[in-house]
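See below for the structure under consideration.
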Amino acid sequence: MKFPSRRSMAMVLSATALGTVLMSPAFAQTVNITILGIGDIYNFAEEDGRGGMARLNAVARAERANNPNMIYVFDGDMLSPSILSGFDKGQNMIDLANIVPFDIAVPGNHEFDFGTDNFLEKVAASNFPWAAVNITNADGSPVDGLGGTMMKEFEGISVALVPLAQDTTPEVTSSGDLIFLGTVETGIAAANAAREAGADIVIGVVQTDQSNDRLLISSGAFDVIMSGDDHSYATSYDGRTAYVETSIDGRFLSPVDLIVTIGEKRGERDVTWVPNFRFIDTANVEPDPESQVLVDAFQTQLDESLNIEIGATTGALDSRRNVVRGEESAMGNLIADALRWATGADVALANGGGIRADRTYDAGMVLTRRDILTELPFGNATVLTELPGSQILAALENGVSRVEDGSGRFPQVSGMSYVYDPSAPAGSRIVMVMIGDAELDLNKVYSLATNDFVLGGGDGYSALGGGNVLINTGNGNLMANDVIDYVIELGGIHSVVEGRIKTVGNN
Ligand SMILES: [Zn+2]
């Protein structure tokens, strides 16, 4: 910081001969503080030899050994979503994080996917403190077990950690009665308060999207911001604020060394610093052996959990390639219904090409978690958007535009039905669309659930873009977990082919 805070000045004024010696330029003191940030870790295991908790723990352990002035922060999202977390509600991530504990952890939106009680249970099970300056109980009182700004001292340098959650959390997950105060204004106020209280360095630990990050940076209230939520890796420094967007699943890490100098300016204590960003591709990191033992155990547990039965199907199911890509399928109906159930959407659309097991199930057969994961192997997220009927019509036109080629875009649907003419030219095949019992209104806005691949324009679905996205990729559940939960909720599978999709001539 450029200007000494009130407290640093007071310290100088009250300093004795020793202080005078320390403050003289010839004795300017340098302190190296390392900050390692991570967030959005969903999978305990590595993926393609990169990321995962064993590699993350190895890096954190090494950084801590290398510099006692090390701050290890978690900027949100670990309890969900993953296949194992769908089963153990995130305990696997807590157990692994406990091996090399964070100094502070801020809850991301996904921390509340299994409800507030589960989050607070996991907080209690953590060997590290959770905190957020902008989460309160409904009556405004602090949440038990959740801290606020944390002050740390390193060789005379006072550092404030300001933990900040995303204020849209209640809209995208199950945070119950908890109140999320405005991310940007509450964060800036807390940073300013920390500065007033004497912090030399103010570090934001934030689970916020990049538009909020930019506002936090431009406020100048923070020296360093470690940010999650966007699933991307980035660093920046504008001469005032050092910034790291902390990647996903621990794939890429960027420890920041702050080279802090305590000097003197016009007779007053003067703290300055420069950031030194390092880059670690975890593909080059040897996994932490202690953590790897636990990772292997969780891999076994995951494998066993997939054999767990979730419910019997009353009718036959069909996910053969030509069926899910060419006609209404009971498996397609199950998946689309689960998307709609999980989001409360008016309608849902599942691309047939995303349904992969290519098999049949006899009536009475009991399905396991593995069966659903085999049908939906891509790890796609359930998303929700709002669109006018005209765009839903355009999406359906895209969906049936290449049905003669067996294209994966073929739309399995829920909450709606449609009739199409496969012999008409592509782009004008849809003959009729019903939303529930009413005809599609081109001007009416509907909520539509689908997966993140389709919403992102995959399989030609650009018509679904540009709407008001209520649940995006970063906020969505795993689609496979939604289907598993739906089957458990219903106590079985009752999906049948019931006339949701018809062709001209057989309607
Ligand atoms: Zn998030």
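Order of listing sets the numbers, starting from 1, for every ligand and every atom in it. Everything quoted here is computed from the prediction, not taken from an experiment.
When all heavy atoms of Asn212 and Gln166 are compared, the closest pair comes out as ND2-OE1, 3.0 Å.
For Lys122, the NZ atom counts as densely surrounded, since its 6.0 Å shell holds more than 12 non-hydrogen atoms of other residues, nucleotides or ligands.
Closest N/O/S atom of Asp229 to the Zn ion (ligand 1): OD1.
With ring centers used as reference points, His110 lies 6.0 Å or more from Phe119.
Under 3.5 Å, the side chains of Asn43 and Ser82 contain no donor-acceptor pair of N or O atoms.
Residue Asn109: an N/O/S atom is found under 2.8 Å from the Zn ion (ligand 1). At a cut-off of 2.8 Å, Asp77 is counted among the residues with an N, O or S atom near the Zn ion (ligand 1). For Gln207, the nearest N, O or S atom to the Zn ion (ligand 1) falls under 2.8 Å.
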